[in-house]
Every structure is written in structure tokens, then in C-alpha cells.
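Here the structure is laid out as C-alpha cells; the discussion comes afterwards.
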Amino acid sequence: MSNLYIKTKKQKKWLDKLQQFEERFKSRSAEIDELSVFPIENMKDLVGLGYASLTLPTELGGEGFSVYDMVLMQETLASYDASTALSIGWSLGVVGELFEKKLWTKEKLDFFATEVLNGALVNRSVSEAQTGSPTRGGRPGTTAIKKGNTWVINGRKIFTTASPILSYFLTSAWIEEKEKVGFFLINRDLDGVSIEETWDVVSMRGTSSNDLILNNVVVQNSDLVELPEFVSGGKINGWLLHIPATYLGVAQAARDYSVHFANTHTPNSLNGPIAQLPNVQQLIGEIDLELMKARFVIYGAASSYDNEATRHLLTNEVSVAKHIVTNSAITIVDKAMRLVGAKSLQRTNPLQRYYRDVRAGLHNPPMDDMTIKKLALTALEEDKNINNKDK
């Protein structure tokens with residue numbers, strides 16, 4: 001991490017706090033990936049540190065971190081362990097969005113602030129096998145039926161990241177009587193709530209993004225916390241930048257490994273390390289070029305979002321940052337592996353894990369094709385508006 005992006009004493013203080021866990025988290029990464037186990041000890045360390053309440057407003061007892069602050073922390077954390085960063089990142093992002101946009105009633109937000117201060121973690125549970133990503137507009141198969149002053153919810157959600165440790169699931173469900181999708185705050189301890197361990201993938205193996213099963217789960221009327229006009233594609237959500245921040249951190253880890261390898265690997269065909277070779281220097285230069293490009297984009301987008309004077313001017317910048325950073329991360333890890341050579345494919349080498357982990361970024365929202373399409377539609381609409389004004 002370049003000091004160029006550390007702007008405040010609070011950021012520096014929290015980066016120093018995180019750094020105390022660097023070696024511990026890194027030492028666990030290989031086993032987390034190899035056994036596909038959730039990094040429960042890492043998460044407990046972070047919750048104990050107060051990390052879960054970073055994005056909670058200061059007036060409610062949190063640290064009041066901005067999107068920029070969160071990106072800085074998440075990039076650093078992901079360079080230690082990607083699964084840990086993505087898992088807690090979802091909770092940070094949800095909390096940041098809820099309190100910034102005041103999506104719930106004041107009473108419910110005050111209640112939830114206390115829960116977060118006590119270590120509660122939350123994630124939105126929206127994806128389903130039949131609908132895919134909610135950003136594509138599919139109606140959820142999960143249903144909520146009103147019974148007196150309660151709701152009865154049934155359904156199955158996939159990709160429930162951090163499922164072993166989440167305190168709450170912010171779950172989308174179709175409400176027939178309202179002909180709308182609503183979001184319900186569901187406590188994991190309620191009857192009928194269970195997790196089916198379905199997570200068997202090659203990327204981000206430690207996130208335990210299992211299926212959430214809801215079988216006649218009864219919640220109170222006050223737990224219907226959101227009835228959005230647009231389930232997706234509404235107001236820009238800068239808190240989603242925790243996603244590319246994670247993959248940027250993985251790319252940094254790959255870069256650091258490959259540079260150290262270049263400085264220390266000395267085959268007997270050379271009179272010194274491979275760092276002296278022009279082709280190796282070319283790869284290192286290309287890696288750092290991608291890294292700098294990605295950082296300027298993500299921190300630029302985060303700064304613009306945090307600035308209330310410019311936030312309303314944003315259109316596609318958050319999704320563009322995700323696209324650029326994720327694809328740059330893939331490129332960086334690929335070049336790092338080319339530099340290291342066949343050793344990078346050994347299962348004991350972290351580069352093969354980084355290579356698999358960054359691929360997951362392509363399947364986190366928003367998807368690349370949606371970002372490109374929206375850019376095109378925005379350009380076409382702007383041209384129409386200009387021409388209409390000229391008439």
C-alpha cells in the first residue's frame with residue numbers, strides 16, 4: 001500500500017491495528033483454502049478489534065468510516081487473506097449503506113446499531129438459483145405471506161457469504177399482496193432458519209457462501225424493513241466498492257510475492273537473481289502499471305462518492321471501478337505467475353490461490369457486461385438530451 005492513499009490519522013491508526021494480524025492471517029490462508037473452511041478465528045479477531053462497526057456512524061458509537069476509508073482497510077486486509085476480507089466486507093458495506101441512506105425507520109436503525117456494536121454481522125441474501133444475480137432483474141422465488149402481525153417466509157438463497165457467522169440475513173422476498181419485493185431482517189436464531197453447506201468452488205473457498213434455507217420462518221411486521229421502488233439499478237451504492245477493494249488486495253499480494261521472487265531467485269545459469277533480466281523487469285513494470293491504474297480508479301471513485309458535492313454527478317463510476325480493478329487484478333496475478341514460472345502452479349505456492357481467488361471477482365456484482373451496456377445506454381441518452389435541447 002502506497003502512503004499516497006493514507007490521508008488521515010484515523011486511517012493510519014486502523015491500518016496499524018490491522019497490521020498486528022498480518023502474519024497470523026497469512027499463516028492461516030493456505031489451510032483455509034486447502035480445506036475450504038471458514039476463517040472463523042480471523043473473523044473473531046476482527047470483531048474483537050471493533051472492525052465490524054467501522055462503517056457505523058460516530059454518533060451511534062461506530063468509527064464513522066467513509067467509503068474511501070473502508071476501501072483502504074479492505075484492500076489491506078485482503079492482502080492478508082481474501083476470504084476473510086470478502087466475508088466481513090459485505091457486512092461493512094451493508095451497514096454503511098443502511099445508515100448513510102437511512103433505509104430503515106429510526107427505531108430499527110437504532111436497534112441495529114446496538115447489535116453491530118455488540119459484534120453482529122449482516123449480509124444481504126438475494127441471489128437464487130433460478131434468478132441468478134438480482135442485478136439482472138429476476139423476481140425472487142422466496143415468498144413472504146402476511147399472517148396477522150407477522151410474516152411467514154419460505155425460500156432458498158444461494159451465495160450467502162459468511163453464512164457460519166452472520167447474525168442477520170437481510171433477505172429479499174416476493175410479497176404477492178403488495179406485488180413488490182421486500183427485504184426482511186431475519187435473525188439466524190429463528191425457527192426454520194438453517195444453512196445447507198453447498199459451497200464447493202475453486203475460488204474464495206473460505207467464504208462459506210452456502211445456501212440459506214427458510215422454512216416457514218415467522219418474523220414480526222417491523223422486520224419488513226425495506227420496500228424499495230427498485231430492487232436493483234436504483235441509487236448508486238458506493239459501499240459496493242468493498243468488492244473490488246478485496247481483489248485489489250489480492251493483486252497486491254501477488255505483486256509483492258513476484259517482486260520478492262525476482263530479487264531472490266538465482267538459477268545457476270545466471271550470476272545473480274532474475275531481477276536483472278529485461279523480460280522480468282518488463283513484467284514487474286507492467287504489474288505496477290496495472291496496480292497504479294486500478295488504485296487511481298477505485299480511490300478516485302470512492303472520493304467522488306464520499307464528497308456530497310459531487311455524488312449526485314456520478315453515473316457509472318462505481319461499476320466502472322469494479323470492472324477495471326477486477327480485470328486489472330486478474331492481469332496482475334497472471335503476469336506474476338508468468339514471472340515466477342512453473343513454480344507458481346505448485347499447490348504450496350500462494351500465487352495459484354491468488355489466481356483462483358481473483359477470478360471470483362468477475363461473478364460479483366455488477367457483472368462486466370452490465371457495466372458496459374449501461375455505459376453505452378448512458379452515452380446514447382446523453383446524446384439524445386443534447387440534441388433535444390438544440391431543437
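Heavy-atom basis, side chains included; hydrogens, waters and symmetry copies ignored.
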Looking only at side chains, do [X] and [Y] share a donor and an acceptor under 3.5 Å apart?
X	Y	result
Glu128	Thr142	yes
Tyr80	Gln19	no
Thr315	Lys374	no
Trp151	Asp223	no
Gln252	Asp256	yes
Asn154	Thr143	no
Ser303	Asp306	no
Trp174	Glu176	yes

Shared hydrophobic cluster for Ile165 and Ile186 (ILVMFWY, side-chain gaps under 4.5 Å): yes

same_hphob_cluster(Val320, Leu314) at 4.5 Å side-chain heavy-atom cutoff: no

Return the [atom1] to [atom2] distance between [X] and [Y], rounded to the nearest 0.5 Å.
X	Y	atom1	atom2	result
Leu185	Thr171	CG	OG1	8.5 Å
Asp211	Ile195	CG	CD1	8.5 Å
Leu351	Asn349	CG	CG	4.5 Å
Asn364	Ile243	CG	CD1	5.0 Å
His312	Asn307	NE2	CG	10.0 Å
Gln11	Asp16	CD	CG	12.0 Å

Under a 4.0 Å N-O cut-off, is there an ion pair linking [X] with [Y]?
X	Y	result
Asp33	Arg356	yes
Glu196	Arg156	yes
Arg338	Asp334	yes
Glu115	Lys108	no

Near [X] [atom1], under 6.0 Å, is it more than 12 heavy atoms from other residues, nucleotides or ligands?
X	atom1	value
Glu22	CD	yes
Glu308	CD	no
Phe111	CZ	yes
Glu177	CD	yes

Please tabulate, for the side chains in residues 117-125, all donor-acceptor contacts under 3.5 angstrom to protein atoms that are two or more places apart in sequence or on a different chain.
{"unit_1": "Asn118", "atom_1": "ND2", "unit_2": "Thr114", "atom_2": "O", "d": "3.2"}
{"unit_1": "Asn123", "atom_1": "ND2", "unit_2": "Thr161", "atom_2": "O", "d": "3.3"}
{"unit_1": "Arg124", "atom_1": "NH1", "unit_2": "Glu226", "atom_2": "OE1", "d": "3.3"}
{"unit_1": "Arg124", "atom_1": "NH2", "unit_2": "Glu226", "atom_2": "OE1", "d": "3.3"}
{"unit_1": "Arg124", "atom_1": "NH2", "unit_2": "Glu226", "atom_2": "OE2", "d": "3.1"}

Run the side-chain donor-acceptor check on residues 35-45: report pairs under 3.5 Å with partners two or more places apart or on a different chain.
{"unit_1": "Ser36", "atom_1": "OG", "unit_2": "Arg205", "atom_2": "O", "d": "3.0"}
{"unit_1": "Asn42", "atom_1": "OD1", "unit_2": "Arg28", "atom_2": "NH1", "d": "2.5"}
{"unit_1": "Asn42", "atom_1": "ND2", "unit_2": "Thr84", "atom_2": "OG1", "d": "3.0"}
{"unit_1": "Asp45", "atom_1": "OD2", "unit_2": "Arg24", "atom_2": "NH1", "d": "3.1"}
{"unit_1": "Asp45", "atom_1": "OD2", "unit_2": "Arg28", "atom_2": "NH1", "d": "3.4"}

Side-chain donor/acceptor of Arg188 to backbone N/O of Ser167, under 3.5 Å: no

Expected list for residues 258-269: side-chain donor-acceptor pairs under 3.5 angstrom, two or more places apart:
{"unit_1": "Ser258", "atom_1": "OG", "unit_2": "Ala254", "atom_2": "O", "d": "3.3"}
{"unit_1": "Ser258", "atom_1": "OG", "unit_2": "Arg255", "atom_2": "O", "d": "2.9"}
{"unit_1": "Thr264", "atom_1": "OG1", "unit_2": "His260", "atom_2": "O", "d": "2.7"}

Lys NZ or Arg CZ of Lys17 over Trp14 ring: under 6.0 Å, within 45°: yes

Derivation of the side-chain hydrogen bond (donor to acceptor under 3.5 Å, both in side chains) call for Glu75 and Tyr299: CA-CA 11 Å; Glu75 180 194 342; Tyr299 286 104; 2.7 Å; yes

